[in-house]
Amino acid sequence: MNSTVSAPIAFDYPQQDSAGVTCTAQAWAKVPPHLAGAEKAAVIARIKQLLIEKDAALVAHYYVDGDIQDLAQETGGFVADSLEMARFGKNHPAKNLIVAGVRFMGESAKILSPEKRVFMPDLDATCSLDLGCDAADFAKFRAAHPDRVVVVYANTSAAVKAQADWMVTSSCALAIVHQLKVEGKKILWAPDRHLGRYIQEQTGADMLLWNGACIVHDEFKAAELEILKAAHPNAMILVHPESPQAVVDLADVVGSTSAMIKAVVEGGATEYIVATDKGILHRMRQLAPNKKLIEAPTAGNSATCKSCAHCPWMAMNGLQGILDCLENASGEIFIDEPIRVEALGCIERMLDFTKNHPDLLAKAQHGFVKNIGAA
C-alpha cells in the first residue's frame with residue numbers, strides 16, 4: 001500500500017495571504033449581521049414571495065445558519081450534505097437555484113444544470129480545501145502520475161474537477177474507492193489528506209494523497225477530546241473523517257454529515273460529542289430534541305475558544321444575501337463551457353454509482369477493522 005504524501009508539488013492551505021492578512025479573518029469580516037425581530041420577519045416574507053415569483057428553489061448545507069436551513073425546508077427547498085444538494089439541484093424543476101453553502105457547491109449545481117441560473121448569497125464564500133488545490137499545480141501533480149485514476153473530493157473547483165475521473169463526497173467515497181480497488185486501480189487523491197488517509201486505511205487501496213486539509217476539522221484536538229469524554233463517559237463520539245487521525249481513532253462513529261445526523265436520531269445514547277462544524281447541531285436538535293449534543297473541542301484551556309468549529313465561509317451566508325440574489329440577480333455562478341463539460345463527467349459518474357449502488361453508501365462506521373471497514 002502506497003501512503004506517500006505528495007511533494008514537492010503538494011500545496012497545503014496558507015494561513016496568510018501576501019499581505020499578511022489571514023483569509024479566515026477576511027471571511028469573518030464579511031459575515032452578515034444577524035437579523036432579528038420585524039426586520040428579519042420582513043426579509044423572510046419577501047424571500048418566500050420571490051422564491052415563488054422567480055421560480056427559484058433554495059438549497060442549503062447543514063453548516064449554514066439555522067434560519068437559512070429552516071427557510072429552505074419551509075419553502076420546498078432542501079437541506080442536506082453536498083451529495084444530496086447536488087442531486088436535488090439537478091432533479092428540481094425550478095429554473096433558478098439559490099445555493100447557500102460554499103462556492104464549490106454552487107459550481108457543482110451549475111455544472112449539473114447549465115440551463116438553470118445558479119446564485120449564491122456571497123460568491124466569496126469558499127473553502128480551504130478548494131483554495132489549497134490550485135488547478136495548475138494539480139495538473140502538474142496529475143501529469144507526474146499518469147497511471148493513476150484521479151479521484152477528487154467535492155470540495156474542489158470546477159477547474160480541478162475537469163481533470164478528474166471521479167468526484168466523491170464523504171457519503172460515497174469509501175464505496176467508490178473500494179470499487180476501484182477491486183478493479184485493480186491505483187488512485188491519485190485530492191485534496192483532503194485526512195479523509196484520504198481514512199479511506200486508504202479502510203479500503204487498503206493504493207492511494208497517492210494531496211496534502212490539503214479543512215481548517216475546521218483540522219483543528220479538533222484528540223487530547224482535549226479525551227478530557228471531554230472523561231467528563232461525559234456515556235456520550236458517543238461522532239467524528240467527520242476530515243479530522244486528524246488521532247481524533248478519528250477516538251470516535252464511536254465516523255461518517256458524513258448525513259451519517260452523523262442519522263447516528264444521533266437512531267442511536268441509543270442520550271449524549272453525543274460532535275466533531276464537525278457546529279452548524280449541524282441545528283438540524284440534529286430539530287430531529288432529536290431529547291438528545292444532549294456537545295461540541296467537540298478545537299483548542300486547549302489557554303485558548304479563547306474551546307469549541308470554535310464553524311467555517312467562516314459558511315458563516316458568510318445570510319438572509320440578506322439570499323434576498324439580494326432574488327431581487328438583484330447578484331451572486332450568479334458562471335463557468336466556462338469547456339470546463340463545465342469536462343467537469344460534468346466525474347460528477348455524473350458519482351451520481352450514477354450512488355443511484356445504482358445505494359446499499360454501498362457510507363453509513364456511520366463502528367468498530368474499525370483496517371483495510372476492511374466496519375466490523
Side-chain angles (χ1 to χ4, degrees), residues 1 3 61-63 80-84 129 151 153-155 168-178 181 189 191-205 207 209 212-214 216-226 228-229 232 234-269 271-281 283-284 288 291 293-298 307 309 311 354 359-375:
M1 182 172 65
S3 59
H61 192 271
Y62 289 125
Y63 293 163
D81 61 14
S82 55
L83 171 60
E84 294 306 322
L129 288 167
V151 181
Y153 196 29
N155 302 41
V168 298
T169 71
S170 54
S171 294
C172 62
L174 276 172
I176 288 174
V177 171
H178 173 73
K181 184 210 171 188
W189 167 271
D192 192 290
R193 64 179 181 266
H194 296 309
L195 179 59
R197 179 213 58 80
Y198 169 75
I199 293 168
Q200 185 180 52
E201 179 184 73
Q202 294 295 302
T203 64
M207 297 175 67
L209 310 180
C214 165
V216 175
H217 295 96
D218 199 40
E219 286 298 305
F220 287 118
K221 303 293 189 290
E224 291 295 315
L225 183 55
E226 288 180 316
L228 185 60
K229 174 65 174 180
H232 300 272
N234 296 321
M236 290 190 69
I237 299 177
L238 315 181
V239 175
H240 194 283
E242 290 178 26
S243 304
Q245 181 174 3
V247 175
V248 171
D249 287 345
L250 295 173
D252 298 299
V253 171
V254 179
S256 67
T257 50
S258 292
M260 295 170 79
I261 290 174
K262 183 179 177 66
V264 171
V265 172
E266 299 181 357
E271 292 185 322
Y272 295 85
I273 298 172
V274 182
T276 192
D277 190 295
K278 65 183 181 182
I280 200 173
L281 300 180
R283 190 67 181 137
M284 284 180 169
K291 306 290 180 68
L293 306 175
I294 306 163
E295 296 177 38
T298 55
S307 296
C311 173
T354 57
D359 55 314
L360 298 181
L361 298 191
K363 300 177 177 61
Q365 302 292 301
H366 303 261
F368 301 134
V369 177
K370 288 188 178 182
N371 301 334
I372 297 176

Do any N or O atoms from the side chain of [X] and from the backbone of [Y] form a donor-acceptor pair under 3.5 angstrom?
X: Asp277; Y: Cys311; value: yes
X: Lys181; Y: Thr203; value: yes
X: Lys278; Y: Ala309; value: no
X: Asp252; Y: Ile237; value: yes

Does any part of the side chain of [Y], heavy atoms only, come nearer than 4.5 Å to the side chain of [X], both counted from C-beta?
X: Val239; Y: Phe220; result: no
X: Tyr62; Y: Ser258; result: yes
X: Leu225; Y: Ile273; result: yes

Does either side chain, that of [X] or that of [Y], offer a donor lying less than 3.5 Å from an acceptor on the other one?
X: Tyr153; Y: Glu242; result: yes
X: Ser256; Y: Ser171; result: yes
X: Thr169; Y: Asp81; result: no

Can you tell me how far apart [atom1] ([X]) and [atom2] ([Y]) are? Round to the nearest 0.5 Å.
X: Glu295; Y: Leu228; atom1: CD; atom2: CG; result: 10.5 Å
X: Met236; Y: Lys291; atom1: CE; atom2: NZ; result: 9.5 Å
X: Leu250; Y: Gln245; atom1: CG; atom2: CD; result: 10.5 Å
X: Leu238; Y: Ile261; atom1: CG; atom2: CD1; result: 10.5 Å
X: Tyr272; Y: Met284; atom1: OH; atom2: CE; result: 9.5 Å
X: Leu195; Y: Arg197; atom1: CG; atom2: CZ; result: 9.5 Å

Can you list the steps and then say if Glu224 with Glu226 is a side chain to side chain contact (heavy atoms under 4.5 Å, CB included)? CA-CA 5 Å; Glu224 291 295 315; Glu226 288 180 316; over 6 Å; no
Would you please test Asp218 and Arg193 for side chain to side chain contact (heavy atoms under 4.5 Å, CB included) and show each step? CA-CA 10 Å; Asp218 199 40; Arg193 64 179 181 266; 4.0 Å; yes
Side chain to side chain contact (heavy atoms under 4.5 Å, CB included) partner of Ile199, the single match among Val151, Val168, Val177: Val177
Considering the options Ile280, Val247, Thr276, which one meets the side chain to side chain contact (heavy atoms under 4.5 Å, CB included) requirement together with His240? Thr276
Run the salt bridge (charged side-chain N to carboxylate O under 4.0 Å, His left out) test against Glu271 and tell me which residues pass, sequence neighbours left out. Lys292
Run the side chain to side chain contact (heavy atoms under 4.5 Å, CB included) test on Cys214 and Asp192 for me, step by step, so that the C-alpha distance in whole Å, both residues' side-chain angles and the decisive distance to 0.1 Å come before the verdict. CA-CA 7 Å; Cys214 165; Asp192 192 290; 4.1 Å; yes
Assess the residue pair Tyr63 and Val216 against the criterion (side chain to side chain contact (heavy atoms under 4.5 Å, CB included)); give the C-alpha distance rounded to whole Å, side-chain angles, the decisive distance to 0.1 Å, and a yes or no. CA-CA 11 Å; Tyr63 293 163; Val216 175; over 6 Å; no
